[in-house]
Amino acid sequence: MDKVNGIHLYVNIKNILDIIKQEEQKDEDLKRTIHRLQTYFVGFTKVISTFSGQVEKHTGGRSHVVIEICEDSKNTDIEEALKTVVACFKFNNDIFNELTKYTQYNYPDFKIHAGMDYGEYAWYKIEDNVTEDESTTIGGVANNAAKIQSFAYKDYIYIMDKLYRELPQEFKYKFTELDESRMEVIKGKIKNSKVYEAKYNQIFDDSVMNDIDKKLEDVKKRVEEEANKLNISEIDFSDAKVKVDFSKLSINNNKKLSGGILCADIRGFTKLFNKNDSNLDDLCDVMQELYSVMGDSVNEEEGIKVQYQGDRIVALFNDFNGADPYKIRMLNSAFKLNERIQGLNDRADISEKLKKNNIAIGVGCSSGNIIATRLGANGSKDNIILSEAAKAADSSEDDYAEKNSVVICKQLHDEIVAEAKNSTHIEYKVLQEVFTAISTTGYYSANITYSEFQKKIDEKKAQEQEEKAKALFNATILKSSIGEKVNVQTRPWGVKS
């Protein structure tokens with residue numbers, strides 16, 4: 001396992017879900033947004049290959065880029081990395097949002113923001129008994145970049161203190177430290193680190209910006225070709241009658257369905273790294289076990305793995321013939337994850353590699369309307385889910401799930417309550433009981449494992465059987481007391497039965 005020093009960059013379309021939400025019921029508009037997103041991903045990938053770095057994957061409207069930094073040329077490499085992120089903004093604002101193919105429809109511009117951090121990481125090829133070919137990066141640097149990106153304003157780049165300290169001197173004054181009021185919002189996500197910001201067009205002078213524009217000329221030609229070759233009439237949305245198979249999805253074959261999203265993340269994973277990330281080899285070995293648990297827990301319940309994102313899995317669940325309702329299967333999977341990840345702590349080999357630190361997990365689940373597709377440049381297409389449900393699952397996990405807990409959003413909770421009244425599946429009644437409100441947030445939490453859940457189901461079945469038996473007995477006594485015929489035969493004295 002090779003360790004690499006570098007920058008992790010996250011660039012996100014800040015308003016993509018707002019656009020999707022407005023168009024969910026308008027197929028023609030939705031087709032154009034999928035069309036635009038495909039063009040954007042193709043252009044973005046071209047930007048990265050033109051400048052520096054490698055696109056690890058696209059997730060919804062977010063792109064994860066890795067830029068290797070060599071010690072012997074650190075200053076030059078970091079400057080090139082800054083040019084790369086600036087080029088991403090110029091591509092979006094000056095090229096993509098100005099494409100005639102799209103401006104004629106007056107659609108809202110894509111608005112982007114970015115987060116960056118510097119440190120040591122490792123590439124890891126995942127083997128989980130489910131994934132055929134997927135790689136991810138392991139290291140605290142990616143987690144940090146992703147977290148701060150979500151707080152950045154439109155057209156702004158946020159960087160961690162570790163990257164700021166590595167900046168060549170001429171770039172340090174371009175970035176401003178966030179004040180206490182701005183940091184207050186971020187403190188729950190990032191601890192013991194300052195965060196700095198800069199607007200993308202205030203980092204380089206006009207001469208460098210012109211050079212970036214020239215390098216983007218080929219990118220402009222590529223996205224114009226992509227936009228013009230795509231035919232909206234060929235883009236199709238169909239319901240999912242069977243288990244979703246991402247390998248069969250594409251720009252022209254998309255799924256629009258009601259289903260569930262599960263997000264699960266190893267709690268405190270970043271903290272498991274030493275400050276200099278020196279224990280990556282041991283953590284990579286542990287990750288093999290984690291991926292196996294994650295893949296098996298989703299696969300056993302007929303879920304569909306969407307992506308791994310470092311120490312995190314995102315999965316999709318939908319209804320199809322021959323399977324239990326997706327809500328039950330999804331929460332079975334969540335409880336299995338909770339049980340099995342905790343179970344790894346009892347293994348001596350895992351404990352040794354983690355220096356006796358315990359592993360924990362947080363899981364978030366949601367339900368709603370989902371768009372599932374597969375987009376990107378040839379050779380680097382990614383599974384994509386777009387919906388408010390994905391955002392709700394992410395928030396359930398990231399904002400509310402404590403260690404070894406499963407959190408669900410209000411919509412999913414309300415659906416469980418309704419099913420508990422009307423469905424023949426007793427699991428819903430147990431689910432209604434085990435999830436409790438997290439104050440007035442609109443989210444609900446449960447801390448049970450799969451074994452505990454199954455035990456409660458058995459207890460609920462026994463309780464209901466007992467109640468039915470009592471009800472039948474009482475009904476028989478009542479009929480007898482009012483003189484109705486009771487199926488009891490009397491016998492003469494002395495006659496034995």
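Because the structure is predicted, anything quoted here is derived from the model rather than measured.
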Could you tell me whether the side chains of [X] and [Y] share a donor-acceptor contact shorter than 3.5 Å?
X: Tyr124; Y: Gln288; answer: yes
X: Asp179; Y: Ser181; answer: yes
X: Ser233; Y: Asn231; answer: yes

Measure the acute angle between the ring planes of His8 and Tyr121, then classify it against the limits of 30° and 60° as parallel, tilted or perpendicular.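 Ring orientation, 0 to 90° scale: perpendicular.
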
For Tyr400 and Tyr443, take the angle between the two ring planes, folded into 0 to 90°, and tell me which bin it lands in: parallel under 30, tilted 30 to 60, perpendicular over 60.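 Ring orientation, 0 to 90° scale: parallel.
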
With a 3.5 Å distance limit and no angle check, can you tell me whether [X] reaches the backbone of [Y] through a side-chain donor-acceptor pair?
X: Arg267; Y: Ser405; result: no
X: Thr84; Y: Phe51; result: no
X: Asp77; Y: Glu80; result: no
X: Arg222; Y: Lys46; result: no
X: Ser387; Y: Ile370; result: no
X: Ser396; Y: Ala392; result: yes
X: Asn92; Y: Phe110; result: yes
X: His113; Y: Ala152; result: yes
X: Lys403; Y: Ala360; result: no
X: Asn338; Y: Ile361; result: no

Flag side-chain contact, heavy atom, 4.5 Å: [X] against [Y]:
X: Asn253; Y: Ser238; value: yes
X: Phe317; Y: Cys365; value: no
X: Val407; Y: Asp399; value: no
X: Gln411; Y: Glu388; value: no
X: Phe44; Y: Val219; value: no
X: Asp155; Y: Lys14; value: no
X: Thr373; Y: Ile251; value: no
X: Val406; Y: Leu331; value: yes

From [X] atom [atom1] to [Y] atom [atom2], the distance as rounded to the nearest 0.5 Å:
X: Asn254; Y: Ile34; atom1: CG; atom2: CD1; value: 5.5 Å
X: Gln38; Y: His58; atom1: CD; atom2: NE2; value: 9.0 Å
X: Ile385; Y: Ile20; atom1: CD1; atom2: CD1; value: 12.0 Å

[X], [atom1] atom: more than 12 neighbouring heavy atoms under 6.0 Å:
X: Lys221; atom1: NZ; value: no
X: Tyr153; atom1: OH; value: no
X: Lys194; atom1: NZ; value: no
X: Glu402; atom1: CD; value: no
X: Lys174; atom1: NZ; value: yes
X: Asp206; atom1: CG; value: no

Over all heavy atoms of both residues, which pair between [X] and [Y] is shortest? Give the atoms and the distance, please.
X: Asn299; Y: Lys243; answer: OD1-NZ, 4.2 Å
X: Val298; Y: Ile304; answer: CG1-N, 3.9 Å
X: Met209; Y: Asn201; answer: CE-CA, 3.9 Å
X: Lys147; Y: Phe151; answer: O-CD1, 3.2 Å
X: Ile13; Y: Ile112; answer: CA-CG2, 4.1 Å
X: Leu9; Y: Met116; answer: CD1-CG, 3.6 Å

Enumerate the salt bridge (Lys or Arg N to Asp or Glu O under 4.0 Å) contacts for [range], please, sequence neighbours excluded, ordered by first and then second residue.
range: residues 208-217; value: Lys90-Asp213
range: residues 370-384; value: none
range: residues 405-414; value: Lys410-Asp414

Can you tell which of Ile7, Ile48, Val85, Val47 makes a side chain to side chain contact (heavy atoms under 4.5 Å, CB included) with Val65? Ile48

Do any pairs count as a ring pair (Phe, Tyr, Trp, His ring centres under 6.0 Å) and have a residue in [range], sequence neighbours left out, and if so which ones?
range: residues 67-91; answer: Tyr40-Phe91, Phe89-Tyr200
range: residues 362-397; answer: none
range: residues 213-260; answer: none

Return the set of residues passing ring pair (Phe, Tyr, Trp, His ring centres under 6.0 Å) with Tyr158 (not counting sequence neighbours), or none when no residue passes.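 Counting only residues at least two positions away or on another chain, Tyr158 forms no ring pair (Phe, Tyr, Trp, His ring centres under 6.0 Å).
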
List in chain and number order the residues that pass salt bridge (charged side-chain N to carboxylate O under 4.0 Å, His left out) with [X], two or more places apart in sequence or in another chain; answer none if no residue qualifies.
X: Lys229; answer: Glu226
X: Asp239; answer: Lys241
X: Lys327; answer: Glu415
X: Arg312; answer: Asp394, Glu397

Walk me through whether Val208 and Val86 qualify under side-chain contact (heavy atoms from CB on, under 4.5 Å). CA-CA 10 Å; Val208 176; Val86 169; over 6 Å; no

Assess the residue pair Asp218 and Thr50 against the criterion (side-chain contact (heavy atoms from CB on, under 4.5 Å)); give the C-alpha distance rounded to whole Å, side-chain angles, the decisive distance to 0.1 Å, and a yes or no. CA-CA 9 Å; Asp218 286 343; Thr50 300; 5.7 Å; no

Over-ring placement of Arg32 relative to Tyr107, 6.0 Å and 45° cut-offs: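 Judged by the rule, Arg32 and Tyr107 form no cation-pi pair.
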
Check the pair Phe171, Tyr164 against ring-ring contact (aromatic ring centres under 6.0 Å, His included), reporting the backbone distance first and the verdict last. CA-CA 9 Å; Phe171 294 109; Tyr164 179 81; over 10 Å; no

Side chain to side chain donor-acceptor pair (under 3.5 Å) partners for Glu180, two or more places apart: none

